[in-house]
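I am attaching a structure below and will ask some questions about it afterwards.
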Amino acid sequence: MISFDGIPEIEEELKQVNRHLERLCQSNSDSMQKMMDWILQSRGKQIRSIMTLLCSKLKGRKVDATETAAVIEMCHTASLVHDDIIDNADLRRGQLSVQKKFGREMAVYAGDFLIFATIARTGLMNKLWYRTMFAKLEHMCDGEVSQLDNHFNTSINEEQCLNNIIGKTSAMFVIACGAGAYEGKCNAKERADIQAFGENFGLLFQLRDDLMDFVCSDVESQKSIHNDFWCGYYTVPAIHTFGHPVYGPELKKIAQDLKNGIQGEDVDDRISDLIQKADGYNYTLSMIEGYAEKAKRNLDGFRDSAAKAKLIEIVDVFLESAKNFPIPS
């Protein structure tokens, strides 16, 4: 998906990130180690680690940000393990989730282990960004709680939804990018710009994922179409449609029926039809395009470099993938 032409050292640095992960995930318990090994064999795209490494290079300094990237990856992975318990998810990154493979109780302990190992096993605790990271992780938890507070709430508005995204998704990108900028000796203004980049990229990233939930099969997303809607988590395509004077009332009725366990015939087709007629898909895509442009503008203060070009390329990769979704016309 993302090549490292022009920055060949990134591939070696990612290998070092993974060596740090393997060291941090060592347990004296055979049962815990089996869960850690299961987690480590499916590490995803490691996009946050990549962004940490790239942001550390924006000033042209030679620094080692690999342990920093590994710590951030550990925190992110812990949040995913716990998310899967809450969602009772069967799959994560194409394989059985920890809770499905080992049981919900064991998965709770696995997520806890990842967090505590992150705190106890690094030499990074005296760095300013380390304390900032945990403050922003609190923001991530607030975003997750706010999402649950709005479970099956068809009155949720767009501002609330975007604030939830800034908490539950953008926060980790802000941490990843900001930590990289800190390690790369960026000044306060530059760190603020790169954290704004992380926030806008996180909004793009989550809106793309939310759009995918409405228009893609489980080939890429590993979940069923309309999964979030059926579970009572309403995202921008639905929220935009809820506000439509003609199509909104019917979509709200469908949402209420699903909450009450009432499933009408061809309900998925009708959900898609209503959102398409209210222009919910194109509206969401236009928002994705807007956040992509904002993210790229956040990098304007940095001189041209291979790292900056790669960050812009990552934005464009996710933007273009959203544009290529099979949006109904």
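If you're wondering where the values come from, they're calculated on a predicted model, not measured in any experiment.
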ask   = Are Arg19 and Glu22 ion-paired here, with the side-chain N under 4.0 Å from a carboxylate O?
value =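 No, this pair does not count.
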message = With a 6.0 Å cut-off (strictly less than), is the heavy-atom count around CD of Gln41, excluding the residue itself, greater than 12?
response =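 It does: Gln41 CD has more than 12 such atoms within range.
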ask   = What do the steps show when you test Ser27 against Gln33 for side chain to side chain donor-acceptor pair (under 3.5 Å), and what is the final call?
value = CA-CA 5 Å; Ser27 173; Gln33 193 59 54; 4.9 Å; no
request  = Please check if Val63 and Leu311 belong to a single hydrophobic cluster, counting links between Ile, Leu, Val, Met, Phe, Trp and Tyr side chain heavy atoms closer than 4.5 Å.
outcome  =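 No, Val63 and Leu311 fall in different hydrophobic clusters.
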query = Is the number of heavy atoms from other residues, nucleotides or ligands under 6.0 Å of Asn324 CG greater than 12?
reply =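 Above 12, so yes.
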ask   = Without hydrogens or angle criteria, can the side chains of Ser321 and Arg208 be said to hold a donor-acceptor pair below 3.5 Å?
value =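 Their side chains do contain a donor-acceptor pair, which is all the 3.5 Å distance test asks for.
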query = Would Thr66 and His20 count as a side chain to side chain donor-acceptor pair (under 3.5 Å) if you check the C-alpha gap in whole Å, the side-chain angles of each, and the deciding distance to 0.1 Å?
reply = CA-CA 8 Å; Thr66 57; His20 282 302; 3.3 Å; yes
request  = Could you check whether the rings of Phe201 and Phe197 sit parallel, tilted or perpendicular, using 30° and 60° as the cut-offs?
outcome  =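 Rings of Phe201 and Phe197: parallel, as their planes differ by under 30°.
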task = Look only at the side chain of Arg43 and the backbone of Leu40, and say whether a donor-acceptor pair between them is shorter than 3.5 Å.
result =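 Yes, Arg43 side chain to Leu40 backbone: donor-acceptor pair under 3.5 Å.
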task = Can you sort out the partners of Gln160 under side chain to side chain contact (heavy atoms under 4.5 Å, CB included), two or more places apart, ordered by chain and number?
result =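 Counting only residues at least two positions away or on another chain, Gln160 forms a side chain to side chain contact (heavy atoms under 4.5 Å, CB included) with Asn150, Ile156, Asn157.
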query = Would you call Asp273 and Arg270 a salt bridge, taking side-chain N to carboxylate O under 4.0 Å as the test?
reply =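 Answer for the salt bridge query: yes.
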SB check Asp30 Lys34 (cutoff 4.0 Å) =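 Salt bridge between Asp30 and Lys34, a charged N being under 4.0 Å from a carboxylate O: no.
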message = Donor-acceptor check, side chain of Gln95 to backbone of Trp38, threshold 3.5 angstrom: yes or no?
response =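 Present.
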Expected list for residues 170-180: side-chain donor-acceptor pairs under 3.5 angstrom, two or more places apart:
residue, atom, partner, partner atom, Å
Ser170, OG, Glu199, O, 2.8
Ser170, OG, Leu203, N, 3.3

task = With sequence neighbours left out, write down each residue that passes salt bridge (Lys or Arg N to Asp or Glu O under 4.0 Å) with Lys308, or none if nothing qualifies.
result =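 So Lys308 forms a salt bridge (Lys or Arg N to Asp or Glu O under 4.0 Å) with Asp304.
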request  = Mind listing the closest non-hydrogen atom pair of Pro237 and Thr241 along with its distance?
outcome  =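 Scanning both residues completely, I find the closest heavy atoms to be O-OG1, 2.8 Å.
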task = Give the intermediate values and the outcome of side chain to side chain donor-acceptor pair (under 3.5 Å) for residues Tyr283 and Glu158.
result = CA-CA 12 Å; Tyr283 179 80; Glu158 187 178 296; 2.6 Å; yes
